[in-house]
Amino acid sequence: MLSGYKDSSYELQQRARFLFYLILSIMACLLLVTLYSYLLNTYNHTSREYFYHNILFPIMALFFTSIASLGLLIRGKFFISGHLLLLTVLTATWYVIIVDKDQLSSRLDTIVFVMAALTILPLVLNRNKWLIAVYIICNILILLFFVTFFRDEIKLSTPAIIEYICDSTIALIFIGIVSYNIFTINNLTHRKALADFNARLEFEKALNESERRYRALMESLNEVIIVEDSDHIVNYVNRKFTELLGYSSDEIIGKVGYKILHDPDEIDVVEKANEERSKDRNTVYELTFKAKDGRKIDFLVSGAPYRNFLGRTIGSIAALMDITERKKAEKALKESQQQFETLAIMSPVGIFRTDTEGYTTYVNPKWCEISGMKSEEGLGYGWLRAVHPDDMDHTSRKWDDDTKIRTKSLAEYRFLKPDGSVTWVLGEAIPEVVDGECRGYIGTITDVTEIVSAQKELEKYRNHLEQLVYERTLDLESTNEKLKSTNKELDNQRQALQNAYNDLQQTQNKLIEAEKMASLGVLAAGIAHEINNPLNFINGGAVALESIIKVNEPEKFNEAEPLFDAIKTGVQRAAEIVTSLNLYSRRDDLPGSECRIHSIIDNCLVMLNNEIKYKARVVKEYSSDTLIVFGNEGRLHQVFLNILSNAIQSITEAGLIKISTRRNENKCMIYITDNGCGMDRTIIPKITDPFFTTKDPGKGTGLGLSITYNILKDYKGTISFESEPGKGTTVIVSFPLMKL
């Protein structure tokens, strides 16, 4: 019924409750007073007029006024209800005192009801303390009026009346003073209690807000948070805990954490950490947790003591960072480092690594073997001590220049070993770039002493050949002068000498060409040898990487497999080229042997593939018979290389080269046809002459077909040509077949 006061202050709620029960009590008392007054009136045979006028009327007025006060109270009008009730009680009391003339002297003690009614003043007042004085003064004035006006009816002596007035006035004033102080004390107490209550509300609000922020912070953290008491009972876990470990809050809170989350062999680590935290020490350690689904998750645990408001340690709080992926990465990095170290140790070339300033931090055993230094001697800038003094300035300056601009460094220089031997090396280094940032350089050194020696030998041969040609030229010029000074009449002798001169000149050209081809063969052999080793490294590295990825990263193997196939195809292609070079570079002075025509043509196509693939399509129509002839493989390679090169050079746009072979009795027939520019029939008889060429100046020497013709003649072979301008050329080569 008092719901209207639910949003009011606690004090007003209590006052309203008191007034509510007081009104109900007054109404009940009024009913009892009416009953016993009626019975008393009946017993004393008092007149009905007296009963209705002096008793029933004031009681009923007070009763209905109490009902009105109760209604106002329920509607939330507390202070109006209280004053109405107080005024009604006082009015009814004075009415009874004044109206009951027959027993006026006996009504003097009824003033006590006035005093009793005035005691509720502190409860019905709000802010107007002066109303206490108004109520007291008004009742004193009514008392004086009553005694003065009804002095004769009271029938008391003057001293008794004065004493009565003084006693009643003092009592009323005392009630006023007490009510005033009660009101004042209540107000002060109320303000203090209200201030304390508001402060407590603010504190609770701040505490709730702090707890809300704390929980929001804990729930939003990307780390797992666990709070345990001193008995290892879990009191709190955040959202990240349930996400990573799969346990709900109800499944873990209130239980001993380590019995659920850890294997028995991990308990010692947990106990040790808890012991440290009980001594007010923070702890950081790695620990494996068990998820609900059985997964093992590695965490970095940062623990700290958990204290109550008195500062006493009552448990611990731990923040857990998932380091599972980091540990996997560390393991993969360690395995990668071990693999790199193994490859570096087994590598047939020297490997070194430097920082961004060129300071060497690693050299492998092969580097030490090539340089003649120990690994610790080669670190830092110590590697420069292995460089030959004559190459020191150039090598160090080039290295400094390349490292400053973060570019690839390539240099050829010499190592001078402690035993005095000299090793030529090719040093190559590239920047090591990680996430767009240069971390240093990784490089290799390759022993190229044999290549340098071969180059020097070739240079020696070239110089010797030039000197030989020069001397022979001087001899020929001298002979020519002598011939010119002879008798011009001896025409036949002059012609014979002229023929001899021509033969010598042709011999000279053959000698030059032979020397050049010999040099080219030596160079091709050296290059083929040097290419073979890197091909083996590439193939071995590709096979190792393919195995590592297939074992450690099977899900990425399907993506990488086409790349490994491409590497293998490239290595196979390069190996075929090297094989062709080896065959091409065989010495001319070796004795003849069995030569398979189809294999020789295929090797030549491999060597010329880079020129053919952009200009022509090759169609092979080989005989089903195995065609074997007698000859030197290197020289026969030269034959078909010259013929195929001429066919390629005659094609200006996308063309066709057709190669056909067949057996004709005891002969091997080879037909090489192109759809190039072709030749006029008048020049076909001249194309095998030395130095005859249809190419532009500087693009051909005219010796290719001449050499081809002579080689075929040495092995009883023949060559013929069929050609028309604009329609292409067909070259027909025949060899006698070997009898097997």
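Note that the structure is predicted; figures quoted are calculated from it, not measured.
With sequence neighbours excluded, the residues that form a side-chain hydrogen bond (donor to acceptor under 3.5 Å, both in side chains) with D391 are R414. Checked against side-chain hydrogen bond (donor to acceptor under 3.5 Å, both in side chains), D250 has no partners two or more places apart in sequence or in another chain. Checked against ring pair (Phe, Tyr, Trp, His ring centres under 6.0 Å), Y285 has no partners two or more places apart in sequence or in another chain. Residues satisfying the side-chain hydrogen bond (donor to acceptor under 3.5 Å, both in side chains) criterion with T283, sequence neighbours excluded, are R277. Under the salt bridge (Lys or Arg N to Asp or Glu O under 4.0 Å) criterion, K255 pairs with no residue at all, not counting sequence neighbours. The ring pair (Phe, Tyr, Trp, His ring centres under 6.0 Å) check on F352 picks up nothing, with sequence neighbours excluded. Every residue meeting the side-chain hydrogen bond (donor to acceptor under 3.5 Å, both in side chains) condition with E243, not counting sequence neighbours, appears here in chain and number order: R239. For K417, there are no salt bridge (Lys or Arg N to Asp or Glu O under 4.0 Å) partners two or more places apart in sequence or in a different chain.
By the 4.5 Å heavy-atom criterion applied to side chains, L261 and I252 are counted as neighbours. M321 is not listed as a side-chain neighbour of R326, based on a closest heavy-atom distance of 4.5 Å or more. Residues L426 and L410 have side chains in contact (heavy-atom distance under 4.5 Å, counting atoms from C-beta outward). No side-chain heavy atom of W367 sits under 4.5 Å from any side-chain heavy atom of I351.
Residues S249 and V237 share a closest heavy-atom pair of OG-CG2, 4.1 Å. Across all non-hydrogen atoms, the minimal contact from P431 to C438 is CB-SG, 4.1 Å. When every heavy atom of P389 is checked against every heavy atom of L416, the shortest pair comes out as CD-CD2, 3.9 Å. Between M373 and C368, the shortest heavy-atom distance links the atoms O-CB, 3.1 Å.
Side chain of S375 to main chain of V363: no donor-acceptor pair is present (N/O by atom type, distance under 3.5 Å, no hydrogens or angles). Looking only at distances, no side-chain donor or acceptor of D322 sits under 3.5 Å from a matching main-chain atom of V224. Between the side chain of T354 and the backbone N or O of T360 there is no donor-acceptor pair closer than 3.5 Å. Not one N or O on the side chain of D231 forms a donor-acceptor pair closer than 3.5 Å with the backbone of I233.
In this structure, the separation between OG1 on T423 and NE2 on H388 is 10.5 Å, given to the nearest 0.5 Å. Interatomic distance, L384 CG to T395 OG1, rounded to the nearest 0.5 Å: 8.0 Å. Within the model, atoms CG of D229 and CG of N235 stand 5.0 Å from one another, a figure rounded to the nearest 0.5 Å. A distance of 8.5 Å separates CG of N238 from CD1 of I226, quoted to the nearest 0.5 Å. Rounding to the nearest 0.5 angstrom, the gap separating the CD1 atom in I225 from the CD1 atom in I317 is 6.0 Å. Between the NZ atom of K398 and the CD atom of E412 there is a distance of 12.0 Å, given to the nearest 0.5 Å.
Listed by first and then second residue, the salt bridge (Lys or Arg N to Asp or Glu O under 4.0 Å) pairs that reach into residues 367-377 are K366-E369, sequence neighbours excluded. Among residues at least two apart or in separate chains, ring pair (Phe, Tyr, Trp, His ring centres under 6.0 Å) pairs with a member in residues 224-251 are H232-Y258.
Look at K240 and E223 and you find no salt bridge, because none of the NZ, NE, NH1 or NH2 atoms lies under 4.0 Å from a carboxylate O.
Counted within 6.0 Å of NZ on K613, heavy atoms from surrounding residues, nucleotides or ligands total more than 12; the atom is thus considered enclosed.
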Report all side-chain donor-acceptor pairs from residues 289-304 shorter than 3.5 Å, counting only partners two or more places apart or in another chain.
residue : atom : partner : partner atom : Å
K292    : NZ   : E251    : OE1          : 3.2
K292    : NZ   : E251    : OE2          : 2.6
D293    : OD1  : R295    : N            : 3.1
D293    : OD1  : R295    : NE           : 3.2
D293    : OD2  : R295    : NE           : 2.8
R295    : NH2  : L244    : O            : 2.9
K296    : NZ   : D263    : OD2          : 2.9
D298    : OD1  : T288    : OG1          : 2.8

